[in-house]
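Notes to accompany the following structure.
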Amino acid sequence: MDSSRLEVLISADDISRRVAEMGLRIGADYPASEPLLLVGVLKGAWIFLADLARAIPRSVSIDFLSTSSYGKERTSSGEVKLVRDLDESIEGKHVLLVEDIVDTGITLSYLMRVLGQRQPASLRIATFLDKPSRRREGVDIAYRGFEVPDKFVVGYGLDFASKYRNLKDLCALHEGGSQDRCP
Ligand code: 5GP
């Protein structure tokens with residue numbers, strides 16, 4: 001039986017307001033005449049990317065990649081692998097890497113290295129969440145939705161063992177207790 005307990009950390013309304021602000025800022029920062037490619041890191045960033053893309057008041061294109069995930073673990077093994085690469089070349093393009101959460105920073109510093117070698121016109125990071133307390137590798141975050149404490153979070157695209165991605169609120173997942181529902 002699943003004995004996890006969920007605690008709402010950030011409500012759906014607060015998320016929606018913040019993502020709208022981020023979209024406007026990103027729209028203002030990139031020249032409208034130059035193409036902007038949003039690269040979503042699957043699977044966690046899918047909902048954030050979908051909302052952010054629609055909050056940016058200019059045309060954007062979208063591509064995805066995916067890295068090896070934590071699976072059923074709550075902490076990173078420290079090893080990252082590119083499991084799915086981009087469909088298109090990023091050479092000469094403005095690229096915004098869209099991630100769900102920066103935790104140790106290992107995934108994004110790896111992706112910045114790999115994508116940086118492909119000669120994009122620019123390469124920046126937009127992350128929904130930042131958990132700075134566990135950082136092991138420095139990453140330069142251009143756009144940050146929220147800072148979160150050192151708790152394992154789920155919802156708004158983020159999972160644990162493939163569950164909870166479709167929760168509208170962002171919740172902390174606690175072991176024990178009897179509630180398996182984000183109110
Ligand atoms: P990092 O390489 O920065 O340690 O971890 C990045 C990835 O770890 C994120 O894209 C996410 O998939 C996963 N991750 C890190 N912290 C959490 C968390 O609190 N909840 C969930 N669901 N995933 C996390």
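Whatever order the structure lists them in is the order used to number ligands and atoms, beginning at 1. Both backbone and side-chain heavy atoms feed into the values below; hydrogens, waters and symmetry mates do not. Every value quoted in this text rests on a predicted model; they were computed, and no experiment measured them.
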dist Lys131:NZ -> Phe152:CZ (nearest 0.5 Å) comes out at 6.5 Å
Q.
Could you check whether any heavy atom of Gly44 sits closer than 4.0 Å to an atom of ligand 1, since that is the contact criterion I want to use?
A. no
Under 4.0 Å from one or more heavy atoms of Ile106, ligand 1 contributes atoms 2 (O), 3 (O)
Between Phe160 and ligand 1, is there a nitrogen or oxygen pair with a distance under 3.5 Å?
no
* N/O separation below 3.5 Å, Leu158 to ligand 1 -> no
Practice item. Check whether any side-chain heavy atom of Trp46 sits under 4.5 Å from a side-chain heavy atom of Asp100, and report yes or no. Key: no
Thr107 heavy atoms within 4.0 Å reach ligand 1 at atoms 1 (P), 2 (O), 5 (O), 6 (C)
- prompt: Between Arg165 and Phe160, is NZ or CZ placed under 6.0 angstrom from the six-membered ring centre and within 45° of the ring axis?
  reply: no
The atoms of ligand 1 lying under 4.0 Å from a heavy atom of Asp159, numbered in the order shown, are 21 (C), 22 (N)
Q. Taking atom types as modelled and ignoring hydrogens, do the side chains of Tyr143 and Arg124 form a donor-acceptor contact shorter than 3.5 angstrom?
A. yes
Going by the 4.0 angstrom heavy-atom rule, the piece of Arg136 near ligand 1 is neither
The answer for which part of Asp100 has a heavy atom under 4.0 Å from ligand 1 is side chain
* Asked: Can you list the steps and then say if Lys93 with Glu88 is a salt bridge (charged side-chain N to carboxylate O under 4.0 Å, His left out)?
  -> CA-CA 11 Å; Lys93 296 178 185 166; Glu88 291 174 31; 3.5 Å; yes
Under 4.0 Å from one or more heavy atoms of Glu99, ligand 1 contributes atoms 10 (O)
Q) Does Asp14 come within less than 4.0 Å of Arg18, counting only side-chain N to carboxylate O? A) no
In ligand 1, the atoms that come under 4.0 Å of a heavy atom of Lys151 are 19 (O)
query = Run the salt bridge (charged side-chain N to carboxylate O under 4.0 Å, His left out) check on Arg118 and Asp85 step by step: do they pass?
reply = CA-CA 12 Å; Arg118 300 181 186 181; Asp85 205 342; 2.9 Å; yes
Short version for Lys131: what comes under 4.0 Å of ligand 1, heavy atoms counted, is side chain
Heavy atoms of Val95 and Tyr30 approach each other most closely as O-OH, 4.4 Å
